[in-house]
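Nothing fancy with the numbering, it's 1 onward along the sequence. Source: prediction; values computed, not measured.
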Amino acid sequence: MDILNKKERTSAFLLFLLMFIITTGILFFAVFFNYRLPLKENEVLKNENDKILAEFNFQKKFSEKIEHIGVLIDSLDKSPESFQFIEQNISFELVELKEKIPADSDQSLKLYDNVILTITDLVNAKKLLLQVNDSKKEIDMLNTQIKAYEEENKDLIRELRLAQQLSRRAN
């Protein structure tokens, strides 16, 4: 006994097999991408996270260094005798800080450069203020000297007039 619909059964079986392979392939493909793509995405995210952590650590070190420089700037007012030494120390710290700014940091804002420039301007302003205060002290001292000389001149003028009157009476 032969099968009557052998051709139809074979073609139906082959169609089933083709659909089964396509469906299984799609499932394996989906599982593969579900497994493989997150690994690549995780790698990219880890790289970004490392960059962010590096930037965060730099910001922390930058902030600590700025606080130290702030203490040095405050000491400029307290010890004007060692102003030049402290100023050189601040300049050295700022140059060192500027060299440590990473090349891939946020260049559009130039935040770090602006902070360094602002601190440099503050130190220059304090230097100028110290010079102005020294000049003011010198001006006050010279004004006091002028007043003393004016008093001395008044005494000398009075003595001169007295001497002139005495010389007129003697003649």
N49 and L53, any side-chain heavy atoms less than 4.5 Å apart: yes
Worked check of ring pair (Phe, Tyr, Trp, His ring centres under 6.0 Å) between F28 and F32: CA-CA 6 Å; F28 280 124; F32 174 77; over 10 Å; no
Common cluster, L18/I26, ILVMFWY with side-chain heavy-atom separation under 4.5 Å: yes
Path from F13 to I21 over hydrophobic side-chain contacts below 4.5 Å: yes
Parallel, tilted or perpendicular: rings of F58 and F62 (30°, 60°): tilted
Residues D140, K137: salt bridge by 4.0 Å N-O rule: no
Backbone N/O of E8 and side chain of S11: donor-acceptor pair under 3.5 Å: yes
Between CG on residue L111 and CD on residue Q59, distance to nearest 0.5 Å: 8.0 Å
Point-to-point distance, once rounded to the nearest 0.5 Å, from CD1 of I69 to CG of N89: 9.0 Å
From D50 atom CG to E55 atom CD, the distance as rounded to the nearest 0.5 Å: 13.5 Å
Apart from L15 itself, residues in the same hydrophobic cluster as defined by side-chain heavy atoms under 4.5 Å: M19
Pairing residues for E96 by the salt bridge (Lys or Arg N to Asp or Glu O under 4.0 Å) criterion, not counting sequence neighbours: K65
CE-CD1 distance between M141 and I146, expressed to the nearest 0.5 angstrom: 10.5 Å
